[in-house]
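Index from 1, following the sequence.
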Amino acid sequence: GTLVWLRRNETHLFIGAECRAEAKRESGPFHAPAIRQDDPAIDAGDWFEVTAASDAAGAAPLRVRMDPAGHVLDEKGGESAWNLSCEARAAAQAGKRGWTAEIAIPWSDLGFAEAPKEGQALRLGFARRSVAPDGSAEQSAWLMDPRKRGHGLEGLGHAITVGKNR
């Protein structure tokens, strides 16, 4: 299974994911092909992905996919040449029972002029791909309709901000 945590402050949305090893699979090693930044070969291995955008009309969704080795594939509005701002940070760490991904995305990369206020909506989707030792792969998603992938915001769920930015 996969656990996802969200936190925010005045400048960033923070996403943490714990990608646990599946029961049918031995614990580690996790499949992360030797690739370079923004290499589509990341699709061949294990990965965690977040897709996010402001809820504003015409907002372009941002997608960040990370593998257990910390390789990142990012795009905005389907443009793979786009890269996260220099303020974005991502890191991964593999362990015996799974791996974790941590991603910090500036609100400006999501189309917000300032941090969202309490009660303001943003669009989010999460997905994970896990490859077993026999090469079989399993993919799961939360609040995302894979049939609408690449079709703007329609396939993403709504998240409402609560509490104060910290």
Checklist entry - Got Pro68 and Asp46 here, is their nearest side-chain heavy-atom distance under 4.5 Å? => result yes

Item to check | Which atom of Arg129 lies closest to which atom of Ala137, heavy atoms considered | outcome: NH2-CB, 3.3 Å

Checklist entry - Could you state the interatomic distance from NE2 (His12) to CG (Asp109), rounded to the nearest 0.5 Å? => result 8.0 Å

Checklist entry - Hey, what do you get for CZ (Arg65) to NE2 (His71), rounding to the nearest 0.5 Å? => result 14.5 Å

Next on the checklist: With a 4.5 Å cut-off on side-chain heavy atoms, are Thr51 and Leu124 touching?
Outcome noted: no

Item to check | Closest non-hydrogen atom pair, Ser54 against Gly111 | outcome: OG-O, 4.1 Å

Checklist entry - Is Arg63 salt-bridged to Glu49, cutoff N-O under 4.0 Å? => result yes

Checklist entry - Who pairs with Glu18 by side-chain hydrogen bond (donor to acceptor under 3.5 Å, both in side chains), at least two apart in sequence or on another chain? => result Arg20

Next on the checklist: Apply the hydrophobic cluster definition, ILVMFWY joined by side-chain contacts under 4.5 Å directly or through others, and give me every member besides Trp5.
Outcome noted: Leu3

Next on the checklist: Testing the basics here: between Gln139 and Trp47, what is the closest heavy-atom pair and its distance to 0.1 Å?
Outcome noted: NE2-CH2, 3.6 Å

Next on the checklist: Pairing donors with acceptors under 3.5 angstrom, does anything connect the side chains of Thr2 and Arg128?
Outcome noted: yes

Next on the checklist: Less than 4.5 Å apart, side chain to side chain, heavy atoms only: is that true for Phe48 and Ile15?
Outcome noted: yes

Checklist entry - So how far is it from Leu110 CG to Lys76 NZ, rounded to the nearest 0.5 Å? => result 7.0 Å

Checklist entry - What is the minimum heavy-atom distance between Ala53 and Ala60, and which atoms define it? => result CB-O, 3.9 Å

Checklist entry - Given side chains that start at C-beta, do those of Phe126 and Leu6 come closer than 4.5 Å, heavy atoms only? => result yes

Next on the checklist: In terms of relative ring orientation, are Trp107 and Phe112 parallel, tilted or perpendicular, with 30° and 60° separating the classes?
Outcome noted: perpendicular

Checklist entry - Are the side chain of Arg7 and the backbone of Leu13 linked by a donor-acceptor contact shorter than 3.5 Å? => result no

Checklist entry - Is there a donor-acceptor pair under 3.5 Å between the side chain of Asp67 and the backbone N or O of Ile42? => result no

Checklist entry - Do Asp74 and Leu62 have side chains that get closer than 4.5 Å, going by heavy atoms? => result no

Checklist entry - For Ala101 and Met66, which heavy atoms make the closest approach, and how far apart are they? => result CB-SD, 3.7 Å

Checklist entry - With Ile160, which residues qualify under side-chain contact (heavy atoms from CB on, under 4.5 Å), at least two apart? => result Ala121

